[in-house]
Amino acid sequence: MTGRNSKTTADASTRAKGSVAFVGSGPGDPDLLTVRAAHLLREADVVVTELPEHEPMVRTVLGLPEPVVTVDEDGNETTVPSGGPEFVDGGFGEDGQPLTHASRAKVVVKQAKRGLRVVRLINGDPFVYASGPEEAQACAKAQLPFEIVPGVSSATAVPAYAGVPLTTKNHRELSVVTCGEKVDWKHYADNRTLVLLSAVGSIGEIAAALIEAGRKPETPVSMTQTGTTTNQRTITSTLERIGADARAARMSPPAITVIGDVVNLRETLSWFETKPLFGWRVLVPRTKEQAASLTQGLRHYGAVPEEVPTISVEPPRNPQQMDKAVRGLVEGRYEWIAFTSINAVKAVREKFEEYGLDARAFSGLKIAAVGDKTAAAIADWGLRADLVPSGEQSAAGLLEDWPPYDEVLDPINRVFLPRADIATENLVAGLIDLGWECDDVTAYRTVRATPPPAPTRDAIKTGKFDAVVFTSSSTVRNLVGIAGKPHATTVIAAIGPATAKTAEEHGLRVDVMAPNPSVEDLVEALADFGAARRSALVEAGQPVTKPSDRKPSARRKATSR
């Protein structure tokens with residue numbers, strides 16, 4: 001068992017009986033979980049898993065952090081719970097051996113008899129080639145209430161993700177065959193579409209049997225491995241060649257095989273594996289809390305983002321300066337407050353809450369935001385930014401639109417500027433040139449994070465990442481400082497000119513730069529780069545590869561922009 005329920009289970013433990021929900025987890029993509037499945041997972045006291053990837057899937061759906069493992073002086077590991085349901089391994093017993101249907105049913109019944117709400121997470125659909133019926137019968141025998149929540153079956157989902165429809169207006173007959181046991185292939189000699197499960201190891205023999213039974217040797221065949229995930233891989237062939245082609249491609253379970261003319265439509269309907277960043281391993285060097293929208297955008301385009309914290313945001317060493325500035329704000333000392341980051345908004349808001357203040361303290365104060373995202377963070381506080389750059393969303397853009405001090409129109413000539421400890425002085429100097437006085441206050445510190453694990457550092461240096469997305473100059477400096485320079489083959493994407501300049505100063509060639517300094521535009525720009533690269537390879541008649549698939553011997557040199 002791992003984890004421990006963070007919510008009170010006293011009410012559950014006093015119930016005479018628990019309950020069990022047999023929930024289909026689908027074929028692998030967490031987004032294919034049903035709404036009912038997500039609801040039950042949120043309410044669950046215990047989740048009995050089936051596969052190793054089930055626990056991280058649940059944590060992703062519920063937004064739970066990973067458990068923290070601590071090591072004491074003697075080397076003993078302790079797992080610190082991170083909330084959520086209790087996880088029970090339903091795949092293997094304490095002896096490390098796979099559980100039988102009967103043994104797994106006993107585990108489920110045992111947990112429910114504790115008076116708990118149990119979710120039994122089953123790969124695919126609970127009632128389609130799964131152990132759901134046997135386990136549900138055990139619950140019925142124990143007089144435990146249960147329900148069945150259908151899941152998306154891999155038999156239909158994987159071909160769909162491969163761009164292979166199982167039926168069309170001209171092909172309406174379909175058979176799903178499990179190939180783990182002896183099958184009389186003479187029954188499938190007609191032209192119906194076949195979906196084969198567990199057929200990878202014996203596909204050559206199966207194909208030969210179907211040809212002998214009367215199927216045409218040129219009948220199209222597709223085989224899709226680890227479908228609906230970003231590791232998905234599909235090969236297309238014919239009955240007479242699929243055995244050799246599958247061996248050459250080193251296809252391995254889990255995989256779904258489709259036989260029939262519907263496979264010909266893949267060339268037109270392939271949508272998942274043709275995403276601009278499909279399968280790209282993308283390094284996201286950001287703080288954990290800042291990475292969510294970036295990683296979500298990358299996943300939308302088929303990438304596999306890997307977050308590596310490089311910056312830790314911490315309070316200033318001397319909080320007195322910030323305390324004094326906040327008091328001055330309340331007392332009407334300032335005409336303007338300028339927020340240059342979301343972290344600055346967060347720091348001031350936390351200080352307000354510490355003093356028991358709210359947004360009313362901003363009455364009569366003008367508010368500036370460096371960009372739309374910072375303005376949105378201000379809006380979440382119930383405030384509206386009076387000034388947001390109309391052009392470039394940066395300190396320079398803010399200065400372009402900032403009004404000069406006017407002794408007649410401006411009763412106060414002072415600006416409160418809460419910023420990071422490593423912020424540049426350009427904004428302060430520009431405001432002084434416009435006639436304003438600035439209280440440049442350290443609201444938070446950005447501290448370099450600890451180095452990532454050795455495998456990650458090795459992947460960065462040897463080109464196993466396809467791209468790195470830099471969202472600030474500090475992420476460039478800190479990543480290079482804790483992990484070294486990304487390899488020459490790695491695509492470098494920067495959020496703006498200042499970040500790009502810092503990357504070039506560190507010997508990196510910037511391949512992608514966002515047209516506007518926002519996470520969304522950065523992801524779009526990288527996706528456009530990936531799409532253009534893919535199109536160029538296709539037009540040249542070359543196989544579609546990832547940047548990490550090519551390893552030039554010489555490191556790229558930084559070039560002037």
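All values reported here derive from a predicted model rather than from experimental measurement. Quick note: numbers below take in every heavy atom, side chains included, and nothing from hydrogens, waters or symmetry partners.
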Problem set entry | Test applied, side-chain hydrogen bond (donor to acceptor under 3.5 Å, both in side chains); reference residue, Thr502; option that passes from Ser473, Ser472, Ser474 | Ser473

For this session: Could you grab the distance from atom CD1 of Ile122 to atom CG of Leu51, nearest 0.5 Å is fine?
Result: 10.5 Å

For this session: Quick one: pull up CD1 in Ile206 and CD1 in Ile259 and give me the separation to the nearest 0.5 Å.
Result: 7.0 Å

For this session: Please find out if less than 6.0 Å separates the ring center of Phe465 from that of Trp280.
Result: no

For this session: Test side chain to side chain contact (heavy atoms under 4.5 Å, CB included) on Ile492 and Arg509 and set out the steps.
Result: CA-CA 7 Å; Ile492 305 297; Arg509 189 185 75 197; over 6 Å; no

Exercise. Has the side chain of Thr219 got a donor or acceptor atom that lies under 3.5 Å from a matching backbone atom of Lys216?
Worked result: yes

Exercise. Are more than 12 heavy atoms from other residues, nucleotides or ligands located less than 6.0 Å from atom CD of Glu314?
Worked result: yes

Exercise. Can you tell me if CD on Glu173 sees more than 12 non-hydrogen neighbours from other groups inside 6.0 Å?
Worked result: no

Exercise. Where is the tightest heavy-atom contact between Val476 and Ala503, given as atom of each residue plus distance?
Worked result: CG1-CA, 3.8 Å

Exercise. Do Asp261 and Asn191 have side chains that get closer than 4.5 Å, going by heavy atoms?
Worked result: no

Problem set entry | Leu41 side chain near Leu33 side chain, heavy-atom distance below 4.5 Å | yes

Exercise. To the nearest 0.5 Å, how far apart are CE in Met513 and NZ in Lys501?
Worked result: 13.0 Å

Exercise. Taking it one step at a time, do Arg172 and Thr167 satisfy side chain to side chain contact (heavy atoms under 4.5 Å, CB included)?
Worked result: CA-CA 5 Å; Arg172 296 182 177 276; Thr167 62; 5.6 Å; no

Exercise. Would you say the side chain of Ser25 lies within less than 4.5 Å of the side chain of Met57, judging by non-hydrogen atoms?
Worked result: yes

For this session: Using distance alone, with no hydrogens and no angle criterion, decide if Ser153 and Asp125 have a side-chain donor and acceptor under 3.5 Å apart.
Result: no

Problem set entry | Reported OG1-to-CD1 distance for the pair Thr450 and Ile482, which is rounded to 0.5 angstrom | 7.0 Å

Problem set entry | Donor-acceptor under 3.5 Å (Thr499 side chain, Ala494 main chain) | no

Exercise. Are the side chains of Trp381 and Ile367 in touch, meaning some heavy atoms are under 4.5 Å apart?
Worked result: no

For this session: Would you sort out whether Lys373 and Val519 count as a side chain to side chain contact (heavy atoms under 4.5 Å, CB included), showing the intermediate values?
Result: CA-CA 9 Å; Lys373 294 299 180 184; Val519 165; 5.6 Å; no

Exercise. Going from NE2 on His487 to CG on Asp466, what distance comes out if it is rounded to the nearest 0.5 angstrom?
Worked result: 12.5 Å

Exercise. Side chains of Thr229 and Glu53: closer than 4.5 Å at any heavy-atom pair?
Worked result: no

Exercise. Of all heavy-atom pairs between Val176 and Ala155, which one has the smallest distance, and what is that distance?
Worked result: CG1-CB, 4.4 Å

Seminar exercise, completed: With Val158 as partner, the option from Thr257, Thr224, Leu197 fulfilling side-chain contact (heavy atoms from CB on, under 4.5 Å) is Thr224

Exercise. Would you say the side chain of Ile460 lies within less than 4.5 Å of the side chain of Arg457, judging by non-hydrogen atoms?
Worked result: no

For this session: Using a cut-off of 6.0 Å, state whether more than 12 heavy atoms not belonging to Gln542 lie near its atom CD.
Result: yes

Problem set entry | Distance-only donor-acceptor check, side chains Asn516 and Gln393, under 3.5 Å | no

Exercise. Looking at Arg233, Arg534, Arg266, which one forms a salt bridge (charged side-chain N to carboxylate O under 4.0 Å, His left out) with Glu273?
Worked result: Arg266

Exercise. Can you name the closest pair of heavy atoms from Leu387 and Trp402 and give their distance?
Worked result: CD2-CE3, 3.7 Å

For this session: Establish, from distance only, whether the side-chain atoms of Arg192 and Ser175 form a donor-acceptor pair under 3.5 Å.
Result: yes

Problem set entry | Verdict with reasoning, Val258 to Leu166, per side chain to side chain contact (heavy atoms under 4.5 Å, CB included) | CA-CA 8 Å; Val258 180; Leu166 297 185; 4.1 Å; yes

Exercise. Has the side chain of Glu392 got a donor or acceptor atom that lies under 3.5 Å from a matching backbone atom of Gly397?
Worked result: no

Exercise. Quick one: are Val388 and Thr374 in side-chain contact, heavy atoms under 4.5 Å?
Worked result: no

Exercise. Asn123 and Gly26: which non-hydrogen atoms are nearest, and at how many Å?
Worked result: OD1-O, 3.2 Å

For this session: Look only at the side chain of Gln232 and the backbone of Thr228, and say whether a donor-acceptor pair between them is shorter than 3.5 Å.
Result: yes

Exercise. Do you know the tightest heavy-atom contact between Ala246 and Ile203?
Worked result: CB-CG2, 4.1 Å

Exercise. What is the minimum heavy-atom distance between Val47 and Pro85, and which atoms define it?
Worked result: CG2-CG, 3.8 Å

Exercise. When rounded to the nearest 0.5 angstrom, what is the spacing between CG in Leu298 and CG in Leu522?
Worked result: 8.0 Å

Exercise. Is any side-chain heavy atom of Pro547 less than 4.5 Å from a side-chain heavy atom of Thr490?
Worked result: no

